[in-house]
Amino acid sequence: MRLSRYFMPTLKEDPKEAQIASHRLMLRAGMIQQSSAGIYSWLPLGQKVLKNIENIVRDEQNKAGALEILMPTIQPAELWRESNRYDDYGKEMLRITDRHDREMLYGPTNEEQVTDIFRSNVRSYKDLPLNLYHIQWKFRDEVRPRFGVMRGREFLMKDAYSFDLDYEGAKIAYNRMFVAYLKTYARLGLQAIPLRADTGPIGGDLSHEFIILADTGESEVFYHKDVLNLQTPEDRDYSPEELQGIVDTWTSLYAAADEMHDPDNCPISGDELVTRRGIEVGHIFHFGQKYSAAMGANVTGPDGKDVTVSMGSYGIGVSRLVGGIIEACHDENGIVWPEEVAPFQVGLINLKSGDEACDAACEDLYAKLNAAEVEVLYDDTSDRAGAKFANMDLIGLPWQFSVGPRGVKNGVVEVKNRKTGEKEELSPEAALAKLIG
RNA sequence: CGGGGCAUAGCACAGCCUGGUAGUGCGCUCGCUUUGGGAGCGAGAGGUCGCAAGUUCGAAUCUUGCUGCCCCGACCA
């Protein structure tokens, strides 16, 4: 992509409404534009990152055996009356009346919708286990939206729903998602920590939230220092026993959010305990028969008798992750994207557009990167070198290739790693080899 | 939902107290000089001062109402 043909309205100064790093940087990098409180348009750069995250999440869900569907954003109030949540949900639910005076709502989540799909179509235990997920926009009419896309009203979320015959089956489904989440966050370049979460009135021990560490996190977290050294599961299928082993390993070390942490009764010693702030980026939850019982989601069991299925739900805040990743990955100059989610792998900087030798060297590199299918953003504009450097640092592409008259004369390109800041002068071939192959 | 604040050019702000021709910086356009870490000079474009009433000869400025946005807290993926 040539920057001269791209739409990336960057800002030199900080917008006053943005208080935290991710919000400020997303606005400055031209990733998003606010439409109203907690509602954003995604501009090309932001959209690209959002899609990259979404695709990684999707890939890991598919690998875990979940099946992708797409449920509507607008749902009928009738379904929510069945679970009694229409009245319970309160003002956070955006209610809409259509032209026929029918009560509708913009879905804040999809348990009712997916349970309806299940009960309409699944009759036999032979069709279980089943896990359906979708990646769809949700709306929660937060009293006070803030922190940009981290706490918006409209947000993109992956939510999966598992259906099993009994608790034992549901537990396997839960563990499978648990492991899929560990793999997902690792691929996103994040160090995620599962915390035992409050299961509320339903009880049970099957609820975890996944948080990533960032100084601007909304809640305080307490964990055993060794949690950060645990091994991420391999990219392969695991048996139910292996899944349980991985979950046991990850949950045996202490980790809790502030509402679950009791300093007076902490099971580990002070020098093992680390306290930091975290951002919740996922939540998995076994809720048993709460919706299946209320809505009549039954299957015929092996013995010919009806069984109310056991369910769980598994959410990942996809749009929130964009902000979350920036909170975890930035410095004073801007964003520092992990390679897997970066909108482009490399920024190609022409330090003197219009100079014949520079232009030719850049065009050659640009063509070769494109041919090798390396995503490249080529700054071919007539801005000054300093402005180009600052902009590239701001948008945080993992690599920068700088081509100027001086380098061209010596047959070298300056290669900079955005994360480490290391620069080296390489021949164009050696620079290409760093990214290709 | 309690408390506080803000609304003037694309962005950040001054002007308001004490009513009288709408300003500064950045950005944008054109020209010249520049060109390796957000250039200099010159010339331009761009605003019914959030909306609506009111007071006044006259309102960005004073009064009232409304709307929007932000911050702290409670709440929350």
Side-chain angles (χ1 to χ4, degrees), chain A residues 9-20 23-24 27-28 30 33-39 57 89-93 107-110 135-160 181 195 197-198 200 207-212 217-219 257 259 278-285 313-324 332-334 349-355 358 379 381-394 400-410 412-414 416 421 423 425:
Chain A
T10 55
L11 300 171
K12 193 167 159 182
E13 293 169 70
D14 288 334
K16 69 167 174 179
E17 71 270 21
Q19 298 299 309
I20 63 165
H23 191 194
R24 202 174 67 233
L27 289 168
R28 281 194 56 203
Q33 176 169 323
Q34 181 165 333
S35 168
S36 62
I39 302 178
V57 170
Y89 217 92
K91 290 188 136 181
E92 294 213 333
M93 178 185 280
T109 176
N110 290 70
I135 299 173
Q136 177 64 292
W137 291 91
K138 310 279 192 293
F139 195 92
R140 288 183 197 169
D141 200 358
E142 298 280 348
V143 195
R144 189 183 160 207
R146 64 185 114 167
F147 305 150
V149 299
M150 297 247 291
R151 177 100 185 266
R153 291 195 291 171
E154 189 179 53
F155 56 97
L156 186 63
M157 182 170 170
K158 185 283 301 180
D159 40 329
Y181 274 40
L195 308 178
D198 190 358
S207 178
H208 287 88
E209 41 181 273
F210 290 77
I211 61 103
I212 56 176
E218 72 266 21
S219 59
E259 75 270 11
I279 299 167
E280 183 179 350
V281 290
H283 200 151
I284 61 177
F285 196 65
S313 75
Y314 315 89
I316 291 182
V318 177
S319 51
R320 164 177 269 206
L321 268 168
V322 180
E332 63 281 2
N333 295 320
I349 303 175
N350 188 336
L351 293 173
K352 193 169 182 180
S353 297
D355 178 279
C358 280
D379 189 343
T381 66
S382 55
D383 280 347
R384 299 169 58 80
K388 293 187 178 187
F389 287 132
N391 243 321
M392 278 300 175
D393 282 350
L394 172 64
Q400 294 173 16
F401 287 1
S402 296
V403 177
R406 216 163 61 202
V408 168
K409 198 184 296 176
N410 300 322
V412 294
V413 175
E414 185 191 278
K416 174 177 157 182
K423 299 174 191 170
E425 299 212 316

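Model, not experiment: these values are computed from the prediction. Note: hydrogens, waters and symmetry copies are ignored here, and every other heavy atom, side chains too, is used. Naming: A, B, ... by sequence-line order, numbering from 1 per chain.
A:E414 comes within contact range of at least one nucleobase, with a heavy-atom separation under 4.0 Å. Across all strands shown, A:K91 has heavy atoms under 4.0 Å from sugar-phosphate atoms exclusively, and none from any base. Within the 4.0 angstrom heavy-atom criterion, no nucleotide atom of any strand lies near A:G315. Contact annotation for A:D393: base contact, defined as any heavy-atom pair under 4.0 Å involving a base atom. Within 4.0 Å of A:G152, counting heavy atoms only, lies at least one base atom of the nucleic acid. Nucleic acid contact class of A:G354 (heavy atoms, under 4.0 Å, all strands): none. Contact annotation for A:K158: no contact, since no heavy-atom pair falls under 4.0 Å across all strands. Residue A:E17 is in sugar-phosphate contact alone, with no base atom involved, counting any heavy-atom pair closer than 4.0 Å across all strands shown. Within 4.0 Å of A:S36, counting heavy atoms only, lie sugar-phosphate atoms of the nucleic acid but no base atom. Among the protein residues, A:Q19 comes within range of the sugar-phosphate backbone only, with heavy atoms under 4.0 Å from sugar or phosphate atoms but none that close to a base. Among the protein residues, A:P405 comes within range of the nucleic acid bases, having at least one heavy atom under 4.0 Å from a base atom. Among the protein residues, A:N391 comes within range of the nucleic acid bases, having at least one heavy atom under 4.0 Å from a base atom. Among the protein residues, A:R153 comes within range of no part of the nucleic acid, since none of its heavy atoms lies under 4.0 Å from any strand.
In this structure A:R140 satisfies the salt bridge (charged side-chain N to carboxylate O under 4.0 Å, His left out) test with no other residue, sequence neighbours excluded.
Each of A:P145 and A:D14 was assigned the nucleotide of RNA chain B with the nearest heavy atom; the assignment lying further toward the 5' end belongs to A:D14. Of the two residues contacting RNA chain B, namely A:H23 and A:R320, the nearest-nucleotide position lying further toward the 5' end is that of A:H23.
Pair check for B:A39 finds B:U33; Watson-Crick or G-U wobble, both atom distances under 3.5 Å. With a 3.5 Å ceiling on both atom-pair distances, B:G47 lacks any Watson-Crick or G-U wobble partner. B:C17 is unpaired under the criterion used here, namely a Watson-Crick or G-U wobble arrangement in which both key atom distances are under 3.5 Å. Nucleotide B:C1 has B:G73 as its partner under the Watson-Crick or G-U criteria, with both atom distances under 3.5 Å. Partner assigned to B:G25 is B:C11, using Watson-Crick or G-U wobble distances below 3.5 angstrom. Judged by Watson-Crick or G-U wobble contacts below 3.5 Å, the nucleotide B:C62 has B:G54 as its partner. Judged by Watson-Crick or G-U wobble contacts below 3.5 Å, the nucleotide B:C6 has B:G68 as its partner.
For the salt bridge (charged side-chain N to carboxylate O under 4.0 Å, His left out) condition, the pairs that include at least one residue of residues 382-391 of chain A, sequence neighbours left out, are A:D379-A:K388.
In this structure, the side chains of A:R146 and A:I20 stay at 4.5 Å or more apart for every pair of heavy atoms. Contact of the A:P15 side chain with the A:R28 side chain is registered, since non-hydrogen atoms from C-beta on lie closer than 4.5 Å. Annotation: side chain of A:P108 is not in contact with side chain of A:F139 (no heavy-atom distance under 4.5 Å).
Going from the C1' atom of B:U48 to that of B:G44 covers 23 Å, rounded to whole Å. On the P atoms, B:G20 is 11 Å away from B:C62, given to the nearest whole Å. Taking atom C1' on both nucleotides, B:U63 is separated from B:U29 by 43 Å, rounded to a whole Å. When the C1' atom is used for both B:A60 and B:C6, the distance is 15 Å, rounded to whole Å. With both ends at atom P, the span from B:C75 to B:G2 equals 16 Å, rounded to whole Å. Nucleotides B:U8 and B:C70 place their P atoms 14 Å apart, quoted to the nearest Å. Comparing B:G73 with B:C66, their C1' atoms are spaced 26 Å from each other, to the whole Å. Separating the C1' atom of B:G38 from that of B:U34 is a span of 15 Å, rounded to the nearest Å.
Protein chain A contacts RNA chain B over a range whose 5' and 3' limits, counting nucleotides with an atom under 4.0 angstrom from a non-hydrogen atom, are B:C1 to B:A77.
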Evaluate side-chain contact (heavy atoms from CB on, under 4.5 Å) for A:Y314 paired with A:K158, printing each intermediate quantity in order.
CA-CA 8 Å; A:Y314 315 89; A:K158 185 283 301 180; 3.9 Å; yes

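Ion pairing of A:R151 with A:E142 is present here, as a side-chain N (NZ or NE/NH1/NH2) and a carboxylate O approach within less than 4.0 Å. Remark: A:R320 engages A:E218 in a salt bridge, criterion side-chain N to carboxylate O under 4.0 Å.
Each of A:V413, A:N350, A:D355, A:I349 was evaluated against A:V403; a single residue qualifies, A:V413, per the side chain to side chain contact (heavy atoms under 4.5 Å, CB included) test.
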